[in-house]
Amino acid sequence: MAVVLITALVGAALVTTPAHAASHATAAAASADSSKGVVAPIPTLSWHPCFGGDLQCTRADVPLDYDDPTGETTSIFMSMQPATDPAHRIGTLFVNPGGPGGPSSQVVQYFAGLFGPKVAQRFDIVGIDPRGIGRSTQVRCRSSQPMPRFPRNWVPLNLAQAKPLIRFNSWIADACAEESNAILDHMTTADTARDMDLIRQAVGDPKLSYYGISYGTYLGATYAAMFPDDVRAVILDGVLDPVAWSTGRGGLGEVFPFSTRLRSGVGAWDALVSAFNECDRVGAARCRLAGSAADKWRRIVNRLKQGPVPVDNGKIYYSDVIGGTLGALYSRDSYRFLMREIAALYQVLFGPDRTGADKRGLIASFRRMADSRPWPYANSIRLGSMHGAKARPANPPFEGVACSDSVNPTDPTAWVHAGAVADRQGPWFGRVWTWASGPCATWPASKDDAYMGPWRTTTSAPLMIVGNFHDPATPISGARIANTLFEGSHLLSLNTWGHGAIGQSACVTVRMQRYLVHGVLPPSGMVCQPDKQLFPIKH
């Protein structure tokens, strides 16, 4: 679901087509007849320098509805970092950073750096902004009704607290029902997988090479299940359980929303509690909260559940602390800072000299941590800042994809019960993840193009599946389930914290390089160790 940190890029004007790109168009024409994938007109890609540096960009017109492949089209934007050793180029590596809602065109250089020169030399690395998102044709909705206020306490503990959030979520769905552009009914992950397959043909690759993290693993799994004969090398990193995302098991999709079924709350709970244990182990010199860290946290959240607390000439709410903590858990490098802020809040609430405790900046600090990761509710929080405007949401990219992909309850109050169940399974964070899908209760878009399984698949080349032991968004259970669904896939685990494994361990990087370049998988069940400790010794 949530994506990795995206390196900002600055746009530049498009200019002439390089010879390197022209060769791709020739290859595409040669391969079109032999493709076993999507059957639709193959776009001609005219790459142009963009964003500065070595990046190139292009647009492709693809079918709006693949049921009518020669009918109306929609525009897809993508960027590419060309292989630095074109004489030994293997092909194209497609990447997706997650979301849904992450514009892949902005992370190409970031991923190229994480994979290292052994991959960057041999592959053109391409990021496609999924349909409806980024610089592709964006989904747009408009309401004639003023936007309701986004609730200040947006992690509701009961129905009374949930009513303002239900009203806000319903406004988003109603806006898209009232007025939207055509892409709304064609934003499923399956549509994006079809786009990627068409672009694969356009660049001349006989089979797909792909890396996806977080929601990008659902896109990769969907592609592998829909086009199993067209897989060359697919890495799923920080894996979402595809059955849980799409339908759930045993009819539970009608009772629990997909964002509960994924058990992300359990992942976040495990990440935090295990970090508390590590904090206590290393001591206060390396972790400010050390000394019964988990007990201090429980006192904080139990107090905030009773109501907000005055700090910073304002009030800090339960939602501020839960949302900020979840945001910080995404990056291993944020854990020391998170423990320091929790310790500061504990002193404000329970310290022996509470009147002299430093209360400055606590609200802003936790809000910054919540905003530091583009997790699902960030879009709703930004929309909420537009309260009262008779304007459309800028766009609902997360809902546009996820609600169309998945089976969910149709009664908005079902999220109250589901959140309570999720919070018992993954304390503090179950409700946060559950309510991320709130607009799906009345989402108006069509699910006709969605892929709902079957997921158990044998692919033309085995998948590489990677999971962290303490991932706050995609618990290791998702990787283990995917490993059972895709025949011959190999599971590589990383014993660390944070969302996704890429860039955290030389052990993981080397195995990804070997797989992408040579097709050599790590031993299934292999466990790697991180390059850094969670709370390293200060120098």
Side-chain angles (χ1 to χ4, degrees), residues 3 24 27-28 31-32 35-45 47 57-66 69 73-81 91-108 111 123-137 183 186-237 240 242 397 401 404-405 449-451 457 459-461 463 516:
V3 300
H24 286 195
S31 69
S35 171
K36 296 177 294 234
V38 163
V39 178
I42 299 176
T44 298
L45 304 181
W47 296 95
C57 294
T58 191
R59 287 189 174 275
D61 290 332
V62 301
L64 175 67
D65 183 352
Y66 278 94
T73 62
T74 188
S75 178
I76 300 295
F77 179 84
M78 66 198 85
S79 69
M80 171 181 66
Q81 178 171 300
T92 301
L93 174 63
F94 293 89
V95 296
N96 183 283
S104 304
S105 65
Q106 297 184 32
V107 298
V108 167
F111 282 131
F123 289 92
D124 298 333
I125 300 178
V126 169
I128 303 171
D129 286 0
R131 50 175 53 211
I133 292 165
R135 299 190 182 205
S136 296
T137 300
I183 196 66
H186 305 283
M187 283 185 66
T188 70
T189 299
D191 285 314
T192 296
R194 296 178 182 106
D195 293 340
M196 187 161 63
D197 190 70
L198 199 59
I199 301 303
R200 170 192 66 79
Q201 297 176 54
V203 299
D205 282 11
K207 295 181 186 294
L208 182 80
S209 298
Y210 174 83
Y211 169 86
I213 187 171
S214 195
Y215 161 77
T217 67
Y218 187 69
L219 173 58
T222 299
Y223 183 96
M226 291 176 63
F227 308 109
D229 294 332
D230 296 321
V231 170
R232 178 193 169 273
V234 168
I235 299 176
L236 309 182
D237 179 7
L240 294 163
V401 177
S404 300
D405 269 354
D449 295 334
Y451 183 81
T457 307
T459 51
S460 53
L463 276 58
L516 290 172

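Each of Thr74, Ile128, Thr73, Thr192 was checked for a side-chain contact (heavy atoms from CB on, under 4.5 Å) with Val62, and the lone residue meeting it is Thr74.
The side-chain hydrogen bond (donor to acceptor under 3.5 Å, both in side chains) test applied to Asp65 returns no partner, not counting sequence neighbours. Applying the side-chain contact (heavy atoms from CB on, under 4.5 Å) test to Thr188 and every residue at least two apart in sequence or in another chain returns Ala190, Asp191, Ser404, Asp405, Asp449, Ala450.
Distance alone, capped at 3.5 Å, places no donor-acceptor pair between the Asp230 side chain and the Lys207 backbone. Side-chain atoms of Ser79 come within 3.5 Å of backbone N or O of Ser105 as a donor-acceptor pair. Between the Arg200 side chain and the Pro206 main chain, a donor and an acceptor come within less than 3.5 Å of each other. Proximity of a side-chain donor or acceptor of Arg135 to a complementary backbone N or O of Pro103 within less than 3.5 Å is not detected. No donor-acceptor distance shorter than 3.5 angstrom exists from the side chain of Asp205 to the backbone of Gly91, with no hydrogens or angles considered. No donor-acceptor pair under 3.5 Å is formed between the side chain of Ser214 and the backbone N or O of Gly216. Side-chain atoms of Arg232 never come within 3.5 Å of backbone atoms of Ser460 as a donor-acceptor pair (strictly under, hydrogens ignored).
Of all heavy-atom pairs between Val38 and Asp197, the closest is N-OD2, 2.6 Å. Heavy-atom minimum distance, Tyr223 versus Ala193: CD1-O, 3.7 Å. When all heavy atoms of Leu198 and Pro63 are compared, the closest pair comes out as CD2-CD, 3.9 Å. Residue Pro43 comes nearest to Ile199 through the heavy atom pair CG-CD1, 4.2 Å, listed as atom of the first residue, atom of the second, then distance.
At least one side-chain heavy atom of Leu219 sits under 4.5 Å from a side-chain heavy atom of Met196.
Counted by atom type alone, Asn96 and Tyr210 present zero donor-acceptor pairs between their side chains at under 3.5 Å. Residues Ser136 and Arg131 have side chains that never bring a donor and an acceptor to within less than 3.5 angstrom of each other.
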